[in-house]
Novice: 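I have a structure here, written as structure tokens, and I will follow up with some questions on it.
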Amino acid sequence: MAELNSTKLSAESHLLLDQPLLRMPYELSRRNFKSAQRVIEHSATTLPSTLSTITKSASKSNDPAQTLESLDAMIVKMQGLKRKLSNLQEEEARLHKAAKARLRHIQDLYEVQSLVDVKYDEWSRVRLSRLLVDYLLREGYADSAACLAQSKGIEDLVDVDAFVSCHKIERSLREGMSTTLALDWCKEHSKELKKAGNMLEFELRLQQYIEMVRQGHESGVSGMDSDFGREGVSIGEGGGEQKLMEARAHAKKYLSTSGDFDLIGRAAGLLAYRPWDEVEPYASLYSPSRWSHLASLFLTTHHSLYSLPPRPLLHIALSAGLSALKTPACHSAFTSSSANASSSTTTVCPICSTELNELARNVPYAHHTKSIVENDPVVLPNGRIYGVERLRLFNEKVGTEEGWVRDPIAGKTDEMWKCSEVRRVFVL
């Protein structure tokens, strides 16, 4: 009975990691529906008015050619509407297909009764492939992720296109190229961002203002100050002044209603302080690092809006398993067997491995309900605890002098202690 209970599958606990599996197509489908709704509402207003205008013009005009030209123009508009709605319908069908495939994938888990069932092994392999695709997408390896998804036949279980679009916008910000793509994205999700009180659009508008002011100052440079040995600056009536006027108009339109008067005051100070003045808090606004800040802010906003965790799902899954194995010894000052040739241990601890050590550093230690302390434990002067028999066998193996003892983890080092320094440990 105990063995049966230990291998029984709990589907609910497994699906804690798979919540984004259904949330993403739901959010994409909802936004696709909103786009179709906007197109239909706009067309329902413009097309009848256009048709009414054409009818009135035709009744008053005796020129059939003009009437036919107006009708052709309206037909072109209706064909454009049909094309837009067809594309949205295809996208909706694709999202519904993906949602059905994901529901089937989850239903397959509920049909598995035991962890030792071969069906669970197959389901776990599909899940691992999904986690790997998610990790590759988050790291920017879209082509590799698409190839892996295609080879495993899980295209409907992953969101390659959504991540590709996301990283395209992120890259445009991180490379300091343009805010246009990000602002278009904000416009498309304006209602959700406003409801959440998100500051992404404001930060993007602020960056536009900063670049306008930067261009205004740079185009206003007119000579050299020979007394101080640096560039002299004067704002003339040319392109520099025009750019600064555009920046002020931009700030009045987009920044004045934010309510963050401290930041607005700093932004206004940019008109007086130039990029090369290196005066805080204005120099930090001119800094190129603001583009990286915008890229990170966009990623955080995107993942939050689509209910995606900020970390790769693979890291979350690994952290859960690493926590079950982690002990204080895993991050001690002594190197593990994978990096220490003199270590007496023969197995490689996953926590101590160079690949997973950093990931496991911040996860909690394992919670053990049963003691696994060796018989007759003793503590060495360095604080490490071993069983007496294990210490004896190790020191005989490495040829330690009689009356002295070495640490099995440290291996054959010069550090030894007298047996009288080893203290017995009592477990309470």
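From a predicted model like this one, the values you see are computed outputs, not experimental measurements. The first residue in the sequence is number 1, and the count goes up from there.
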Novice: Working to the nearest 0.5 angstrom, can you tell me the gap between Thr301 OG1 and Leu294 CG?
Specialist: 10.0 Å
Novice: What heavy-atom pair brings Met24 and Ala162 nearest, and what distance separates the two atoms?
Specialist: CE-CB, 3.3 Å
Novice: Would you check if the side chain of Arg102 reaches a backbone N or O of Val158 as a donor-acceptor pair within less than 3.5 Å?
Specialist: yes
Novice: Looking only at side-chain N and O atoms, does Gln207 offer a donor or acceptor that is under 3.5 Å from a partner on Glu211?
Specialist: yes
Novice: Do Asp407 and Phe394 make a side-chain contact, defined as non-hydrogen atoms from C-beta onward lying under 4.5 Å apart?
Specialist: no
Novice: Check for a donor-acceptor pair, side chain of His293 on one end and backbone N or O of Ser289 on the other, with a separation under 3.5 Å.
Specialist: no
Novice: Tell me whether the count of non-hydrogen atoms from other residues, nucleotides or ligands lying under 6.0 Å of CD in Gln150 goes above 12.
Specialist: no
Novice: For the residue pair Glu91 / Asn32, report whether a side-chain donor-acceptor contact shorter than 3.5 Å exists.
Specialist: no
Novice: Are any non-hydrogen side-chain atoms of Ser319 and Arg311 less than 4.5 angstrom apart?
Specialist: yes
Novice: Run the numbers on Asp134 and Leu308 for side chain to side chain contact (heavy atoms under 4.5 Å, CB included), then give the verdict.
Specialist: CA-CA 11 Å; Asp134 174 81; Leu308 294 171; 5.7 Å; no
Novice: Between Leu299 and Cys166, what is the shortest heavy-atom contact and its length?
Specialist: CD2-SG, 3.5 Å
Novice: For Asp143, look at atom CG and say whether over 12 heavy atoms of other residues, nucleotides or ligands are found less than 6.0 Å away.
Specialist: no
Novice: Which heavy atom in Leu173 sits nearest to a heavy atom in Ala182, and how many Å separate them?
Specialist: CD1-CB, 4.0 Å
Novice: Check Tyr120 against Ser114 and note the closest heavy-atom contact, atom names and distance.
Specialist: CB-O, 3.8 Å
Novice: Output the distance between atom NE2 (His167) and atom CD (Glu139), rounded to the nearest 0.5 Å.
Specialist: 8.0 Å
Novice: For Leu305 and Glu27, run side chain to side chain contact (heavy atoms under 4.5 Å, CB included): C-alpha distance rounded to whole Å, both residues' side-chain angles, the deciding distance at 0.1 Å, then the answer.
Specialist: CA-CA 8 Å; Leu305 209 60; Glu27 292 294 336; over 6 Å; no
Novice: From Glu192 CD over to Ser304 OG, what is the distance, rounded to the nearest 0.5 angstrom?
Specialist: 11.5 Å
Novice: Can you tell if the side chain of Val378 reaches within under 4.5 Å of the side chain of Ile385, non-hydrogen atoms only?
Specialist: no
Novice: For Asp121 and Asp117, indicate whether the former's side chain and the latter's backbone hold a donor-acceptor pair under 3.5 Å.
Specialist: no
Novice: We want to know whether Glu246 and His250 form a side-chain donor-acceptor pair, criterion being a heavy-atom distance below 3.5 angstrom.
Specialist: no
Novice: If you measure from CG on Leu181 to CD on Glu170, what distance do you get to the nearest 0.5 Å?
Specialist: 12.5 Å
Novice: Show the nearest heavy-atom pair for residues Ala295 and Arg174, with the distance to one decimal.
Specialist: CB-NH2, 3.5 Å
Novice: Within the 4.5 Å heavy-atom criterion, are His315 and Pro312 side-chain neighbours or not?
Specialist: yes
Novice: Please say whether more than 12 non-hydrogen atoms of neighbouring residues, nucleotides or ligands are located less than 6.0 Å from CD in Gln89.
Specialist: no
Novice: Are the side chain of Ser307 and the backbone of His303 linked by a donor-acceptor contact shorter than 3.5 Å?
Specialist: no
Novice: Can you find a pair of side-chain heavy atoms, one from Val160 and one from Leu137, that are under 4.5 Å apart?
Specialist: yes
Novice: Enter the distance from Ser124:OG to Lys119:NZ here, rounded to the nearest 0.5 Å.
Specialist: 14.0 Å
Novice: Does a side-chain heavy-atom distance below 4.5 Å link Leu103 with Gln107?
Specialist: no
Novice: Is it the case that over 12 heavy atoms from other parts of the model lie below 6.0 angstrom from the CZ atom of Arg423?
Specialist: no
Novice: To check you understand the geometry: which heavy-atom pair defines the closest contact between Leu270 and Val213, and what is its length?
Specialist: O-CG1, 3.4 Å
Novice: Within the side chain of Thr45, is there an N or O that forms a donor-acceptor pair under 3.5 Å with the backbone of Glu41?
Specialist: yes
Novice: Check for a donor-acceptor pair, side chain of Trp185 on one end and backbone N or O of Thr180 on the other, with a separation under 3.5 Å.
Specialist: no
Novice: Before you tell me yes or no, could you show the steps for Lys100 and Asp156 under side chain to side chain contact (heavy atoms under 4.5 Å, CB included), namely the whole-Å CA-CA distance, both residues' side-chain angles and the distance that decides it to 0.1 Å?
Specialist: CA-CA 9 Å; Lys100 289 179 180 178; Asp156 292 333; over 6 Å; no
Novice: Between the side chain of Ser49 and the main-chain N/O of Thr46, is any donor-acceptor distance below 3.5 Å?
Specialist: yes
Novice: For the pair Arg214 and Tyr286, evaluate side chain to side chain contact (heavy atoms under 4.5 Å, CB included) and give the outcome as yes or no after the intermediate values.
Specialist: CA-CA 8 Å; Arg214 189 199 307 275; Tyr286 282 122; 4.1 Å; yes
Novice: For Tyr110, look at atom OH and say whether over 12 heavy atoms of other residues, nucleotides or ligands are found less than 6.0 Å away.
Specialist: yes
Novice: Does Arg125 CZ have over 12 foreign heavy atoms under 6.0 Å away?
Specialist: no
Novice: Do the rings of His302 and Phe298 sit parallel, tilted or perpendicular, given the 30° and 60° boundaries?
Specialist: tilted
Novice: So, do Leu88 and Ser35 sit near enough that their side-chain heavy atoms are less than 4.5 Å apart?
Specialist: yes
Novice: Is it true that the NZ or CZ of Arg31 lies under 6.0 Å from the centre of Tyr306's six-membered ring and within 45 degrees of the ring axis?
Specialist: yes
Novice: For the backbone of Glu280 and the side chain of Ser284, can you confirm whether one donor and one acceptor N or O come within less than 3.5 Å of each other?
Specialist: no
Novice: Would you please say whether a donor-acceptor pair under 3.5 Å links the side chains of Arg205 and Thr179?
Specialist: no
Novice: What distance separates Ile40 CD1 from Leu85 CG, expressed to the nearest 0.5 Å?
Specialist: 5.5 Å
Novice: Short question: side chain of Tyr209, backbone of Ala267 - any donor-acceptor pair under 3.5 Å?
Specialist: yes
Novice: Answer yes when Glu201 and Lys187 have at least one side-chain N-carboxylate O distance shorter than 4.0 Å, and no when they do not.
Specialist: no
Novice: Side chains of His105 and Asp18, heavy atoms from C-beta outward: is any pair under 4.5 Å?
Specialist: no
